[in-house]
Protein chains: 2
Amino acid sequence: MSPSPITPLSYEQAGVRYDLIDPLKVAAQRAAAATASHLSAHGFSEVEASRGESAYVVDVGPFYLASIVECLGTKTLVADEMQRLTGRSTFAAIAQDTIAMSVNDLITVGATPLVVQAYWAAGGSEWFSDAERAAALVAGWKAACDTCQVAWGGGETPALAGIVEAGRIDLAASCTGLVKPKSRLTLGDKLGPGDNIVLLASSGIHANGLSLARKLAERLPQGYLTEVEPGLNFGDALLAPTTLYSPVTEALWAAGVRVHYAANITGHGWRKLLRHPKALSYRIHTVPPVPPVLRFMQQQAGHDDAEAYGTLNMGAGFALYVHADDAERTVEVAQACGVPAWVAGEVLAGDKQLHIEPLGVRFSGQDLQLR
Amino acid sequence: MSPSPITPLSYEQAGVRYDLIDPLKVAAQRAAAATASHLSAHGFSEVEASRGESAYVVDVGPFYLASIVECLGTKTLVADEMQRLTGRSTFAAIAQDTIAMSVNDLITVGATPLVVQAYWAAGGSEWFSDAERAAALVAGWKAACDTCQVAWGGGETPALAGIVEAGRIDLAASCTGLVKPKSRLTLGDKLGPGDNIVLLASSGIHANGLSLARKLAERLPQGYLTEVEPGLNFGDALLAPTTLYSPVTEALWAAGVRVHYAANITGHGWRKLLRHPKALSYRIHTVPPVPPVLRFMQQQAGHDDAEAYGTLNMGAGFALYVHADDAERTVEVAQACGVPAWVAGEVLAGDKQLHIEPLGVRFSGQDLQLR
C-alpha cells in the first residue's frame with residue numbers, strides 16, 4: 001500500500017542524514033582553519049571572518065581574493081527522469097543551476113565573480129554520446145557565464161565508471177573572484193539594528209530540496225507529470241533554472257548602494273537569514289509570493305509554515321541587508337535587472353532570532369548551526 | 001576462460017573512450033574561449049596563452065590570478081578494494097593525491113598556490129560514518145595543505161545518492177593562486193632551443209592510469225595482493241601518494257632559478273612533454289629509474305616502451321624546462337626538497353617531436369592533441 005500524499009515527509013526521511021555528515025564537517029572545518037597561517041609565508045593573510053561564510057576570502061594586498069567550489073546536488077536526477085518522460089533535455093537549465101550554486105555563494109562576500117571552472121564527472125564516456133544533451137550543457141553553461149559576465153576558464157570532464165552511476169553526471173562549479181575595492185567586502189561588520197532586509201525573488205526550488213521533491217514525486221500517482229498549476233507539471237516546474245544574482249550585486253555597487261551583508265537562501269531555507277554570527281533579531285513584515293511548485297511541495301509533504309520556510313526558499317532566493325535609506329533603491333536596482341524584490345523586514349537589537357510575522361513563525365540561533 | 005596475463009591491454013580497452021568525450025570537450029573549449037571578453041567589463045583580461053595549458057590565468061593588474069578544478073579520478077576504487085582486503089584505510093594518501101592533481105597543475109603556469117577547496121561527493125551520508133576513513137581523509141588533506149603551504153578554504157561534502165554509487169566517493173579539488181611577480185609566469189614564451197629538461201621523480205603511478213591498473217588487477221590470480229617486488233604488493237604500490245611538486249617550484253623561485261616552462265606528467269604520460277604549442281624538438285638522453293609498480297604494469301599489460309611512456313609517467317612526474325645554465329641548480333634545489341631529479345634532455349630547433357633516445361621511442365605533435 002503506498003502512503004497517502006498527505007502523510008508528512010520530513011527532510012531527513014528524504015534521505016539526507018546530517019548527523020552522519022556533520023562530525024566530518026566539524027573535523028574538516030577545524031583542520032581547515034589551522035591552515036590559514038600558511039598564507040603568511042606568501043605575504044598574504046586570511047580574512048578570518050569569512051570562515052563559516054559562503055566563500056573563503058584572502059587579503060592579497062590591493063584587493064581580496066574570494067574562492068569557492070559548489071556542487072549542484074541531485075537536481076540532474078529530475079532532469080534525467082523528465083528527459084525519459086518527455087524526450088527533451090533540460091541540461092541548459094541544469095548548467096545555469098550549477099553556476100548559480102557557485103556564483104550566488106561567491107557574491108555574498110562582496111566579490112565580483114571572474115572565473116568559473118566546470119566540473120562534469122560522468123558515469124562513463126557514454127554520457128557524452130547524447131549529443132543534444134551535451135550541447136545543451138555547453139550552451140547553458142556559456143549562457144550563464146554571459147549573464148554573470150564571468151570567464152569560463154576550463155574544467156574537468158572525467159568519466160568515472162564505478163564511482164558515478166552509469167548514465168548519471170555529477171556537476172559542480174568552482175568560482176574565483178575579487179573584492180575590489182576592498183571596501184566592498186560584505187562580511188557583516190556594518191550589519192546592525194535599523195538595517196533593512198531586501199529579499200530577491202527565487203525562480204522556484206532552485207537547487208535545494210530536490211531530495212524531498214523526488215520523494216514526493218515517487219508517491220504521486222502521476223509523478224512528475226502531476227500539475228502544480230494549470231499547464232505546468234511538477235517536473236518542469238522543478239526544473240526552472242536558478243536565478244543568477246550577480247547582475248544585481250554588480251548593479252547595486254555601480255548604483256552606489258553599499259550592501260552590509262548578503263545571504264544566499266539555499267539549504268535550511270529562511271534559516272539562512274540568521275547566518276551572520278552577530279546576536280541580532282530579524283523581523284520580516286512582508287513575505288514574497290510563494291512559487292506554485294513550492295506551495296505544492298509544502299502541501300504534498302504536509303509541512304507547516306515553520307518546516308516549509310525552514311527547508312525551502314519559499315520564493316526568496318537571496319537576501320540583502322542594507323541601510324534603511326538604501327532599501328527602496330535596492331529594490332529598484334534589482335527590478336531593473338529583472339529580479340522582483342521586496343523590502344521585507346528589518347534588523348533589530350535583541351536575541352538572535354528570525355520572526356516571520358505574517359506567518360507567526362520564529363527561528364532561533366539554535367535552528368541554524370553552520371560553524 | 002580468463003585471458004592470459006600477457007594478452008596486451010590497451011588504455012581504451014581499460015574503459016576510457018576519448019572519442020566520445022572529445023567532441024564535447026572541443027565544443028566546451030570553444031564556448032569557454034568566447035567568454036574571455038567578459039573580463040574587460042571588470043577591468044581585467046585573460047592571458048590567452050593559458051587556454052589549453054593546465055591552469056587558467058587572468059591578468060588582474062598587479063599580478064596574475066590562476067585557477068583550476070581537478071578530479072582525482074578512479075584511484076579511490078583501488079583504495080576501497082585494499083581496505084576491504086586489509087582493513088586499513090589509505091584515505092590520507094588519497095587526499096594527498098587529490099590535492100596533488102590540482103596543485104601540480106596550477107604551478108605549471110608559475111603560480112603560487114594559495115587556497116584549496118575540497119570537493120568530497122559521497123554516494124550517501126553513510127560514507128562519512130566510517131570514522132577512521134573520514135578522519136584519514138581530513139588528516140591527509142590537512143597534511144598536503146601543510147606541505148604545499150596553502151590555506152584550505154572550505155569545500156563541499158554533498159551526499160549524492162543516485163548519482164555517486166553507494167559506498168563510493170567522488171573527490172576533486174579546486175585551487176586558486178597568484179603569479180607574483182608577473183615575471184614569474186611560465187607559459188613558455190622563453191622556451192627555446194638550448195633549454196634543458198629537468199625531470200622530477202614520481203612516487204609511482206600517481207593518479208593517472210588507474211583504469212588500466214584496475215583491469216590488470218582483475219586478471220591477476222592474486223589481484224592487488226600480487227607482489228610487484230619482494231614485500232610490496234600491487235595494491236599498496238598503486239596507493240603511494242602522488243608527489244606534491246609545489247615546494248620545488250617555490251624553492252626554485254627563491255633560489256633565483258627562472259623556469260621557462262613546466263609540464264605536469266599525468267594522462268598521456270611523456271607525451272605531455274610535447275604540451276607547449278611551439279614547434280620544438282625535445283631530446284631525452286637520460287631516463288629516470290622506473291618505479292617497480294609501473295615496470296610491473298608495463299609487463300602485465302604487454303606494453304612496449306612507446307605505449308608505456310605514452311600512457312604512464314614511468315618515473316617522471318613533472319618536467320621543468322630551464323636555461324641550460326640553471327639545469328644543475330634545478331636538480332640540486334629539487335633534491336634539497338626531497339625530490340630526486342635529473343637533467344634528462346634538451347630542447348632543440350626542429351619539427352615538434354619527443355625523442356627518448358635511450359629507448360628508441362619517438363612521439364610527434366600528432367600524438368598529443370589537447371587543444
Side-chain angles (χ1 to χ4, degrees), chain A residues 15-17 20-21 24-25 27-28 31-32 35-36 38-39 41-42 44 46 56 58 60 62 65 67-71 73-74 77 112 114-115 117 119 121 125-126 128-129 134-135 138 142 145 149-165 168 170 172 174 176 178, chain B residues 15-17 20-21 24-25 27-28 31-32 35-36 38-39 41-42 44 46 56 58 60 62 65 67-71 73-74 76-77 112 114-115 117 119 121 125-126 128-129 134 138 142 145 149-165 168 170 172 174 176 178:
Chain A
V16 180
R17 295 271 313 273
L20 294 180
I21 303 175
L24 173 93
K25 274 192 145 173
T35 62
H38 294 315
L39 292 168
H42 312 295
F44 304 126
E46 168 181 290
Y56 183 65
V58 173
V60 295
L65 174 68
S67 62
I68 195 168
V69 66
E70 283 293 324
C71 177
T74 58
L77 296 178
T112 299
L114 294 181
V115 178
Q117 304 278 358
Y119 183 77
S125 316
E126 304 71 42
F128 301 105
S129 64
V138 170
K142 164 78 163 52
C145 288
Q149 292 196 294
V150 299
W152 177 0
E156 274 273 270
T157 54
L160 298 182
I163 295 176
V164 174
E165 296 207 4
R168 304 296 186 187
D170 176 19
S174 72
T176 304
L178 296 180
Chain B
V16 179
R17 294 271 312 273
L20 295 180
I21 303 175
L24 172 93
K25 273 193 146 173
T35 62
H38 294 314
L39 293 168
H42 311 295
F44 303 126
E46 168 181 291
Y56 183 64
V58 173
V60 295
L65 175 66
S67 63
I68 195 167
V69 66
E70 284 292 323
C71 177
T74 58
T76 53
L77 296 178
T112 299
L114 293 180
V115 179
Q117 303 278 358
Y119 184 76
S125 315
E126 304 70 43
F128 301 105
S129 65
V138 170
K142 163 78 163 53
C145 289
Q149 290 196 295
V150 300
W152 177 1
E156 275 273 269
T157 54
L160 298 183
I163 295 177
V164 174
E165 295 205 6
R168 303 297 186 186
D170 176 18
S174 72
T176 303
L178 296 179

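Here is how names work: the chains are called A, B, and so on, in the same order as the sequence lines, proteins then strands, and each is numbered from 1. Any value given below was found using the heavy atoms of this structure, including those in side chains, with hydrogens, waters and symmetry copies removed.
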Undergrad: So, Gln117(B) side chain and Val69(A) main chain: donor-acceptor pair closer than 3.5 Å or not?
TA: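 The answer is no, because no donor-acceptor pair under 3.5 Å joins these two groups.
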Undergrad: Count the heavy-atom pairs under 4.5 Å between each of Gly162(A), Gly154(A), Ala36(A), Ala134(A) and chain B, then report the option with the highest count.
TA: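 Option with the greatest count: Gly162(A).
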Undergrad: Hey, are the side chains of Val115(B) and Phe44(A) touching, using non-hydrogen atoms and a 4.5 Å cut-off?
TA: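 The answer is no, as the side chains (C-beta and beyond) never meet within the 4.5 Å cut-off.
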Undergrad: Among the options Thr176(B), Asp170(B), Thr112(B), pick out the one with the most heavy-atom pairs lying under 4.5 Å from chain A.
TA: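 Answer, by heavy-atom pair count under 4.5 Å with chain A: Asp170(B).
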Undergrad: Does any backbone or side-chain atom of Glu46(A) lie under 4.5 Å from a heavy atom of chain B? Answer side chain, backbone, both or neither.
TA: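 Contact with chain B involves no heavy atom of Glu46(A) at all.
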Undergrad: Where do Leu39(B) and Leu114(A) come nearest, in terms of heavy atoms and distance?
TA: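 Smallest heavy-atom distance, with atoms named: CD2-O, 3.6 Å.
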Undergrad: To the closest 0.5 Å, what do you measure between CD (Glu156(A)) and OG (Ser174(B))?
TA: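 Glu156(A) CD to Ser174(B) OG: 12.0 Å, rounded to 0.5 Å.
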Undergrad: Measure the spacing between CD1 of Ile163(B) and CG of Leu160(A) and express it to the nearest 0.5 Å.
TA: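 Atom-to-atom, Ile163(B):CD1 and Leu160(A):CG are 12.5 Å apart.
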Undergrad: List the residues meeting side chain to side chain contact (heavy atoms under 4.5 Å, CB included) with Ala28(B), not counting sequence neighbours, and say none if there are none.
TA: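 Here the qualifying residues are Trp120(A), Val138(A), Trp152(A).
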Undergrad: How many angstroms lie between NE2 in His42(B) and CG in Leu178(A), if you round to the nearest 0.5 Å?
TA: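 His42(B) NE2 to Leu178(A) CG: 10.0 Å, rounded to 0.5 Å.
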Undergrad: In chain order, what residues pass the side chain to side chain contact (heavy atoms under 4.5 Å, CB included) check against His38(A), with sequence neighbours excluded?
TA: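 By the side chain to side chain contact (heavy atoms under 4.5 Å, CB included) rule, His38(A) matches Thr35(A), Asp146(B), Gln149(B).
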Undergrad: Which heavy atom of Ala161(A) sits nearest to which heavy atom of Thr74(B), and what is that distance?
TA: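 Ala161(A) and Thr74(B) have their closest heavy atoms at O-CG2, 4.1 Å.
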Undergrad: In terms of heavy-atom proximity below 4.5 Å to chain A, should Ser67(B) be classed as side chain, backbone, both, or neither?
TA: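 It is both, since atoms from each part get that close.
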Undergrad: Hey, which of Ala31(A), Gly155(A), Ala27(A), Ala121(A) has the most heavy atom pairs under 4.5 Å with chain B?
TA: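 Most heavy-atom pairs under 4.5 Å with chain B: Ala31(A).
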